[in-house]
Structures are given as structure tokens and as C-alpha cells.
A.B. asks: 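The structure's right below; bear with me while I get my questions together.
Residues take their numbers from the sequence shown, with the count starting at 1.
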Amino acid sequence: MGSTERPKKRAHLCKKAILHFSLCFIMGFFTGFAPTATKSSISTSTITLSNTTKILSNFTRNLAAEPPPARKRDREELVKKMVAPRRQIIIVTPTRSGDRNREVWLRRLGNTIRLVRQPLLWIVVEAKREGSNVAEIMRKTGIMYRHLVFKENFTDSEAEMNHQRNVALKHIEHHRLSGIVHFAGLSNFYDLRFFHELREIEVFGTWPMALVTANKKKVVIEGPICDSSQVIGWHLKKMANQTQPKPQIHISSFAFNSSILWDPERWGRTSSVQDTSQKSVNFVKQVVLEDEAKLTGIPSGDCSKIMLWSLRTSTKTPPANQHLPPVQDVSQTPSQQGT
């Protein structure tokens with residue numbers, strides 16, 4: 001019984017395999033006669049794809065060539081900042097000969113200036129005398145500096161300080177040191193962002209500053225009144241024997257491009273060699289006060305912001321950049337936070 005069933009199963013499997021093979025052969029045979037794509041349809045598809053690619057490339061090129069005005073300005077400003085080198089800052093610091101604490105204050109100011117990004121040149125002027133450590137102090141700060149001395153004797157403190165500033169201005173003009181000139185008193189306290197704003201000055205720049213009295217709870221603001229970065233007025237101070245108040249500008253409350261020292265047309269004179277003591281500094285002040293159109297108020301966004309403080313001991317003494325207070329009074333000023 002079992003022997004007869006085995007041949008039947010084998011025959012059934014063979015018939016099934018032959019049937020599957022025949023079906024696959026027939027399908028493959030007739031598939032070969034099916035119509036295929038023509039050359040014309042292939043070329044049409046290629047042309048359509050090529051045109052689409054050209055349209056996309058032209059659209060991309062137009063976007064790159066004609067960016068929106070806002071994006072174009074941002075890109076131009078970014079490229080300008082990346083390519084253009086930073087403008088040099090020239091800091092001029094006079095020293096008072098009779099002050100015993102000047103070396104202490106010089107180190108403090110040097111520690112502030114060394115935090116400012118280069119390029120920066122620090123010019124310190126002092127009376128010629130033996131045993132001075134000013135040059136050594138400046139050398140240890142690691143700042144690029146120039147140490148200038150003079151031989152003249154003065155009995156008036158204001159005249160001596162202006163003479164020192166003029167010595168520095170003549171040195172800058174003689175060597176054509178390019179940069180933005182700022183007169184920094186030894187007892188000035190700075191917000192470090194102030195120096196970044198200085199580099200944005202083209203010709204003249206000004207800013208308000210706070211004069212802090214150490215022995216009294218009193219702060220006096222000197223400098224311009226601004227609308228954004230435009231100077232629209234000045235803080236006025238009524239002097240003795242004057243019916244009308246006049247604008248006051250502190251020596252540390254403005255800066256200027258050093259090129260005006262050797263540019264007669266912009267400077268408004270034929271030669272600076274003929275100038276004597278105090279005339280150069282006073283002339284700069286006069287130009288700043290008379291030609292507000294050339295003034296740039298800083299910070300650029302809000303010129304009324306105080307970024308510079310100057311300490312003075314009392315109202316009877318000269319300003320702090322001309323008479324240095326005791327060292328222990330430094331911690332009492334709010335401007336120390338700015339340094």
C-alpha cells in the first residue's frame with residue numbers, strides 16, 4: 001500500500017514544478033515584446049531637467065547678487081569690521097611733580113590700560129628729576145609706551161599740566177603718530193567699554209563724565225547733552241563775574257583724531273610749530289566747543305551714559321587729574337566698579 005503511494009507523490013511534485021517553470025517562461029517570453037521608452041521621450045525628459053536646473057541656479061545667483069537692503073548693510077558692516085584694522089588709541093597722561101602718590105596712581109591706571117585691546121600707545125609726561133621710577137613702572141605694565149620729560153619750572157599747577165599736554169601733542173605731531181588722542185588723568189576711573197567706543201571716533205568725540213568729590217557727597221556732571229550720538233547742548237556752569245553761563249568741557253571729556261595736528265586745513269592754522277605753552281590744548285577745546293557738527297557723542301547708542309569718573313578731594317583743590325588724592329580714598333568711589 002505504502003509502495004504504490006510514493007510514486008504518485010513524486011509524479012505530482014514533478015507536474016507542479018513543470019507547471020511553475022512553464023508559467024515563468026511564458027511570462028518572460030511575452031515581457032520581451034512589451035513597448036519600451038523611445039529616444040525622443042528620453043531627450044525630452046533630459047531637456048526638462050536641464051531647464052529646471054538652470055532656473056534654480058539663476059534664482060540662487062540672483063539671491064546672492066541682490067540681497068535685501070538690511071541684509072546687505074549687515075554684510076558690508078561685518079566685512080568692514082573683519083578687514084579694517086582697529087584704530088590706535090593714544091593716551092596722554094601728565095603727572096604733577098609735587099604729588100607723593102603719583103607712582104601709586106600710575107600703577108593703578110596702568111593696570112586698567114593693560115586690559116584694553118591693542119593697538120594702544122601710552123604717553124606719560126613728567127618733569128625731569130633724579131630717582132624717578134616712572135619709566136620702570138611703565139615698562140613693567142607690558143604696554144607700548146613713551147616717556148617724555150621737560151626741564152621747565154612752574155609755580156602754577158594748571159600751567160604745568162597744560163605744558164605737559166602740549167609736550168605730548170608736539171611729540172605726536174613730530175612723529176606723526178596716528179590714532180585717537182585722549183587725555184587721561186591719573187585719578188580717572190573707566191568702564192572698559194569706553195575704550196572700544198573711542199575707536200569709533202572719526203574727527204572729534206565727546207562724552208559726559210562725572211567729577212566725584214571724595215570728602216563730600218557731591219557729583220558734578222560735565223560734558224555734552226546728547227540725543228543718541230548727536231550733541232545737542234552742554235552742561236552749563238556759571239562762573240564768577242559772568243552774567244551768562246558758558247559751556248564747560250573737561251580735559252578728559254573729549255578726544256580727537258591725531259591727524260588734525262599735521263593737517264593745516266582741518267586744524268585751521270598754517271603751522272603748529274609756532275604754538276607756545278597752552279595754546280594747542282586751548283585751541284582744541286575751542287574747536288570742540290565751536291564746531292558741534294563734527295562732534296560724535298559716545299557711547300553711540302546713548303551719549304548720556306557715564307563711562308568715565310574722575311576723583312577729586314574737595315571743591316577747593318584742582319580737578320583730580322591735576323591733584324592726586326590719598327590712596328585710601330580710592331575705594332570710596334563708585335567708579336572703581338567700572339575698572
Side-chain angles (χ1 to χ4, degrees), residues 76-77 79-94 113 116-125 143-148 150 161-185 188 190 194-207 209 223-224 226 229-231 249-300 303 307-308 321:
E76 289 176 353
E77 291 178 1
V79 171
K80 183 178 179 180
K81 290 181 179 179
M82 294 175 62
V83 175
R86 287 191 297 271
R87 189 176 281 117
Q88 179 174 244
I89 298 175
I90 303 175
I91 297 178
V92 176
T93 301
I113 296 175
V116 182
R117 298 183 68 181
Q118 297 298 320
L120 183 145
L121 174 64
W122 190 19
I123 300 178
V124 176
V125 188
I143 305 169
M144 184 170 62
Y145 73 92
R146 299 201 178 185
H147 178 218
L148 307 180
F150 64 95
M161 299 299 282
N162 279 334
H163 176 74
Q164 293 186 41
R165 297 182 186 108
N166 288 328
V167 168
L169 291 180
K170 290 180 181 179
H171 180 82
I172 293 171
E173 179 183 10
H174 178 73
H175 296 279
R176 300 213 168 187
L177 304 177
S178 179
I180 302 300
V181 180
H182 168 58
F183 297 104
N188 284 2
Y190 294 92
F194 168 82
F195 297 99
H196 173 73
E197 297 289 343
L198 274 183
R199 301 185 196 273
E200 302 300 321
I201 295 175
E202 294 294 335
V203 183
F204 289 102
T206 185
W207 52 87
M209 65 177 295
C226 301
S229 60
Q230 182 181 2
V231 177
I249 184 166
H250 194 276
I251 191 65
S252 294
S253 189
F254 69 92
F256 60 94
N257 194 313
S258 63
S259 63
I260 64 176
L261 294 174
W262 55 81
D263 188 339
E265 295 181 358
R266 191 181 299 180
W267 188 239
R269 54 179 178 160
T270 56
S271 175
S272 63
V273 178
Q274 303 299 326
D275 282 354
T276 58
S277 177
Q278 302 187 38
K279 287 187 178 180
S280 294
V281 172
N282 290 340
F283 188 80
V284 172
K285 284 186 176 183
Q286 181 182 354
V287 172
V288 170
L289 292 173
E290 289 180 353
D291 195 355
E292 295 182 0
K294 294 182 179 180
L295 285 175
T296 301
I298 65 171
S300 56
C303 178
M307 303 183 74
L308 169 59
N321 64 317

A.B. asks: Look up atom CD1 in Ile123 and atom CG in Leu148, then write down how far apart they are to the nearest 0.5 Å.
C.D. replies: 6.0 Å
A.B. asks: Donor-acceptor pair, Thr93 side chain versus Ala184 backbone, under 3.5 Å?
C.D. replies: yes
A.B. asks: Quick one: does Trp207's side chain have a donor or acceptor within less than 3.5 Å of a partner on Ser252's backbone?
C.D. replies: yes
A.B. asks: Indicate yes or no: at least one non-hydrogen side-chain atom of Arg199 is less than 4.5 angstrom from one of Val116.
C.D. replies: yes
A.B. asks: Verify side chain to side chain contact (heavy atoms under 4.5 Å, CB included) between Ile180 and Asn257, making sure each step is shown before the conclusion.
C.D. replies: CA-CA 5 Å; Ile180 302 300; Asn257 194 313; 4.2 Å; yes
A.B. asks: Any donor and acceptor pair, going by atom type alone, linking the side chain of Gln88 with main-chain N or O of Ser178 inside 3.5 Å?
C.D. replies: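 Judged by distance alone, yes, a pair lies under 3.5 Å.
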A.B. asks: How close do Leu120 and Gln118 get, heavy atom to heavy atom, and via which atoms?
C.D. replies: N-OE1, 3.0 Å
A.B. asks: Give a yes or no answer on whether the side chain of Arg86 reaches the backbone of Pro119 with a donor-acceptor pair at less than 3.5 Å.
C.D. replies: no
A.B. asks: Mark yes or no for whether Asn166, through its side chain, and Val281, through its backbone, hold a donor-acceptor pair below 3.5 Å.
C.D. replies: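 Present.
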A.B. asks: For the pair Phe256 and Phe183, name the ring-plane relationship: parallel under 30°, tilted 30 to 60°, perpendicular over 60°.
C.D. replies: tilted
A.B. asks: Taking His175 for the side chain and Leu177 for the main chain, is one N or O donor matched with an acceptor at less than 3.5 Å?
C.D. replies: no
A.B. asks: So which atom in Leu198 and which in His182 form the shortest heavy-atom distance, rounded to 0.1 Å?
C.D. replies: CD1-CB, 4.2 Å
A.B. asks: Quick one: closest heavy-atom pair of Arg165 and Asn162, and the distance?
C.D. replies: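 Minimum heavy-atom separation between Arg165 and Asn162: NH1-OD1, 2.8 Å.
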A.B. asks: Please round to the nearest 0.5 Å and tell me the distance separating atom CG of Leu261 and atom NE2 of His174.
C.D. replies: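 So the CG of Leu261 and the NE2 of His174 are separated by 13.5 Å.
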A.B. asks: Return the set of residues passing salt bridge (charged side-chain N to carboxylate O under 4.0 Å, His left out) with Arg87 (not counting sequence neighbours), or none when no residue passes.
C.D. replies: Glu202
A.B. asks: Look at the side chain of Thr206 and the backbone N and O of Ser253, then say whether any donor-acceptor pair between them is shorter than 3.5 Å.
C.D. replies: yes
A.B. asks: For Phe204 together with Phe254, are the ring centres under 6.0 Å from each other?
C.D. replies: no
A.B. asks: Below 30° counts as parallel, above 60° as perpendicular, anything between as tilted: where do the rings of Tyr190 and Phe195 land?
C.D. replies: tilted
A.B. asks: Among Leu121, Val167, Val181, whose side chain to side chain contact (heavy atoms under 4.5 Å, CB included) with Ile172 holds?
C.D. replies: Val181
A.B. asks: Please determine whether the number of non-hydrogen atoms from other residues, nucleotides or ligands lying under 6.0 Å from atom NE2 of His171 exceeds 12.
C.D. replies: yes
A.B. asks: Determine whether Glu200 and Ser300 make a side-chain contact, defined as any pair of heavy atoms from C-beta on separated by less than 4.5 Å.
C.D. replies: no
